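For reference, positions follow the sequence shown, starting with 1. In what follows, every heavy atom counts, from backbone to side chain, and hydrogens, waters and symmetry copies are set aside. Just so we're clear, the structure is a prediction, and the values are computed from it rather than from any experiment.
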Amino acid sequence: MAGGWRVARLAVLAGRCCATPTTLPPRPRLSRDNAHLAAAPGRGHFRLGGGFVALQSLSGTLRARGGIEFTASCHSGVNGGARSPSPKVTPDPRVAVESGLTELRMKQERLGHLNLSDVHQVVASMERCSEQLTDADCLSLLQYCCRMAEEEYRPCGSLVQRVWALTTHRKSGQLTLEHLELYLHLCLAVESTSMSKKDIFDVMEEHQLEPSAGVFEDLMMALGQRGHLTEALQVLAAMKERDVPVREATFAALILAYGADRDWEGVQGVLDAMKSVQVALSEVTFGALASVFAMLGQMVRLKQVVSQASEEGKPLSSGQLEAVLMALIHANNAGDQFKNIDLMLRLVEECGMKVDVSRMALRLIHRGHVREAVHLFLSLPALRTNNHLYSNASVYLREIVHARMDPALIVEVCQRLREEDINRYALQVALEYALKGRWEELAWVLLRAMKEAGEPLREHYFWPLLHLKTINLEPAKLLGCVEAMLELGETPCFETLRDHIIPGLSLSQPRLTLQMLQNTGLSATAAATPLLVVLVKNNMMEHALKFAKETNAPLNLRDIIGTLAPAWHSNTKSIVTLLALLIHRQQKEAVSVNEADWGGQFLLSLAATRSGLAVHHIRPLFQEMKKQRIGVSERSADLLVNRLNLPLQEAVRASLPLVLRAELGCPPLEMNNHIPHPRNMSAVQLEGHLEELRAKGLNTRGSLRRLLLQRAAKNDTAGVMELMKSASEEGQEMSPGMLSGVLGAYMSQGHTQAAVDMFGRLRTEHPAFTLDSYKVVDLCTLLTQNGRVAEAMDILENYIMECSGGKKIDPKNIRRNCQNLLLASASRGDPKETEKLLELLVLGGLAVPNNLSLGALVKSRLLGGDLKGAVEESRRIYERYKCLPMRLELLIHLINNYHNAASESCWTICWDSSLK
């Protein structure tokens, strides 16, 4: 209970495992015959060909960790002779000890902590070679346990006892006081450790240890912590016999021991004794007193003790306050609505301390105080800010399930988490951990709770439960699980029956098995087909044929055909016979006039199997199919030939006349109309898909966007507006990216007015959204082509002004878009308009003066019939930019028209430019 003093001492002693590394003896040298085996840093493993394998001493088999066996073989010598196998090597037990300690040291160095499973695994390996442990090994193991106890919240008292048994039960072991101190500190840190005064004194006597004052104090604190008053008084008497001074820790231990017995008079007697010997109250005794008042439920006096300690300059540490809170809860003094817990938490805040609420909640869970733990961790602010809803509070649910709490209590906690909107999937999370821990009772309770809460049940939730009954060979309980599924409203599908239910039942009498399944509430129609499939998969062809002949239940050939093809290689005639039986049976039951091509489907499935078809298989197979009156359609024949290689094609063509029947329809499985991806759907398909998504309550945003783009591309403005309205009614806001996509669709199809309207809506509803520069330029191009140059100028000017302080645009990325805009303007024959557009583009950083952009100025004059103006424009461009765009077009016009001074000057310009 004196948490601060205990944790400080524990940390100091545990630190020795890093400060003083254990000295390991040198590795044993291997013989020359085994020189190819190099010792590896694993648990008694050797490196062989890049992997780790354990060397068995009495067999010539090398067994890998995963269970794969490698047979050791003789190696051939250099001169070709067979070399005798190496002599058998017995693994040295010291290697296992050293490897275990090395593994713990490496995990401690890399991760900074050790958990229960790490130490448990090493202790289990050392228990098989305990006599090989040295005193230093035991000391290191105790130190690693101290490291583990600092972070571990699960009960680990039994593991500490096992480590102490390894330390003390060695015949050649000689313990020191350091071993004893570490064990006592572990007893303080891990209250679930079973210990007594007699055991400690017996160890000291056996190893002739003279305890120090620190050992006596630790022993007193451990006994007082557990409420062992009688033993604590006996230790006190032993201290007086040895003239060991009694200090604050001893009095604190006695206070805890009397407090555990609810003996306040005894506590008062200890306080009087302290006054008589003039021992002042220290933080250790203050912490013990606070713990006693917590156990007695006297919150007023508890608060007084904490305040007094702070006033005297001896404030309780966070560890001590945590111990007080644990004592309060452990004594069932949490109060109505956990008011005492809240009071204690406020007291901690007033003291300016912080306690690890999360770790405390986990420790409380394993002590059985689940409701108190839930009240604690619900106060954590980070629990409600986590966006990963499935993982919120999952660690607490995991520990509650691991501690095997009452199922009703676990459901209560899950419902609380759902109500607090912390984890809407709390029941599913608890079910996951219950299935991992193979706790069937809890799993069924949680499934029923999910059903009552309106949560959907999925069939795969039941698969682990069914699997457990199968591997445990419990067919009656397996059928009970099926009944429970049906009671919950879940009917096993074909896959569940085939893979998880029927394999766990007796198959020697298929009709009886079908009757047993019907007795659970399943229909014969649902159970007969998977039962036949399992018989075929288990190579029970006689039973399968007999069952197919005798049962009156309908059999679905579509589900069976996929099992017949892989099984054909092991039972060629039986499979074809069964296929013929099923086809003829279906023909009798069929209502449709068109006969499905199941024979062709069987061949196609057979060709697609891993074993496939061979040339020598074709003729006998087709002969057997002809014998059983199984035909193949022309469609199936074409598909089969196209999917085979050339030799098989020739063999199939040669044998096709045996089975070819033109009146048959298409192979059924090849006729499946798979739902295309939304990007490949037509507008009609997208509309149907959208309605289906809405009916199922699924996300419709992606399909809505594609349908919007398709309608915009067709200039279906009414359809676009209708979709937007319906999306708004469903609460889906049209994002600026979606509106921008619709704008692009309008522009790509040349729908000018619709594009302008969408652009205006985008500017109005999302003013902060920056449209892509190429879309703005393309919109201006579309307007210019339709004679709306003034609007294009306004849009371009506004866009340039808005983007003036933003990210710069690389003109290379929109060079072609700007050229299209300038050429659209040039085609109108208005040079001033084209020049103004070019100035705007250059000013906004969308274009640069070069042959492509400047050529529009020349072209606008040429298209306007102003050849002289075009020549002058070329001269001006050349003088200013030292480039001459459209020189060939100018020369052609000059040659075709006339020769004069203008043509000569233009020729001079062109010639000079080409030379430079």
Checklist entry - Do Met221 and Gln225 have side chains that get closer than 4.5 Å, going by heavy atoms? => result no

Next on the checklist: Under the side-chain contact (heavy atoms from CB on, under 4.5 Å) test against Leu397, which residue among Leu417, Leu427, Leu431 passes?
Outcome noted: Leu417

Next on the checklist: Counting only heavy atoms not in His467 (residues, nucleotides, ligands), do more than 12 fall under 6.0 Å from its NE2?
Outcome noted: no

Item to check | Cationic N near anionic O, under 4.0 Å, Arg424 to Glu455 | outcome: no

Item to check | Minimum side-chain heavy-atom gap Glu399-Tyr153 below 4.5 Å | outcome: yes

Next on the checklist: Is there a side-chain contact between Val190 and Glu152 in this structure, where contact means two heavy atoms from C-beta onward sitting under 4.5 Å apart?
Outcome noted: no

Item to check | Glu127 side, atom CD; His169 side, atom NE2 - distance, nearest 0.5 Å | outcome: 11.5 Å

Checklist entry - Which atoms form the tightest heavy-atom contact between Arg170 and Leu133, and what is the distance? => result NH1-O, 3.2 Å

Next on the checklist: Taking the basic N atoms (NZ, or NE/NH1/NH2) and the acidic carboxylate oxygens, is any pair closer than 4.0 Å for Arg363 and Glu322?
Outcome noted: yes

Checklist outcome for this item: Correct closest heavy-atom pair for Cys138 and Leu166 would be SG-O, 4.2 Å

Checklist entry - Between Glu131 and Lys171, is the closest basic N to carboxylate O distance under 4.0 Å? => result no

Item to check | Approximate separation, where rounding is to 0.5 Å, of Leu478 CG and Thr470 OG1 | outcome: 4.5 Å

Next on the checklist: For the OH atom of Tyr433 and the CD1 atom of Ile410, what is their distance to the nearest 0.5 Å?
Outcome noted: 13.0 Å

Checklist entry - Taking everything shown except His113 itself, do over 12 heavy atoms lie less than 6.0 Å from its NE2? => result yes

Checklist entry - Once you round to the nearest 0.5 Å, how far does CG of Asp218 lie from OG of Ser212? => result 8.0 Å

Next on the checklist: Under a 3.5 Å threshold, yes or no: a donor from one side chain and an acceptor from the other, between Tyr396 and Ser358?
Outcome noted: yes

Checklist outcome for this item: Rounded to the nearest 0.5 angstrom, the SG-CZ distance for Cys145 and Arg147 is 13.0 Å

Item to check | Qualifying residue, where the test is side-chain contact (heavy atoms from CB on, under 4.5 Å) with Val235 and the options are Glu217, Met220, His228 | outcome: Met220

Checklist entry - Aromatic rings His369 and His330: how do their planes relate, parallel, tilted or perpendicular, breaks at 30° and 60°? => result perpendicular

Checklist entry - Which heavy atom in Met405 sits nearest to a heavy atom in Ile365, and how many Å separate them? => result CE-O, 3.7 Å

Checklist entry - Any idea how His366 and His402 line up, ring-wise: parallel (<30°), tilted (30 to 60°), or perpendicular (>60°)? => result perpendicular

Next on the checklist: Measuring from atom CD1 of Ile329 to atom CG of Leu364, what distance do you get when rounded to the nearest 0.5 angstrom?
Outcome noted: 4.5 Å

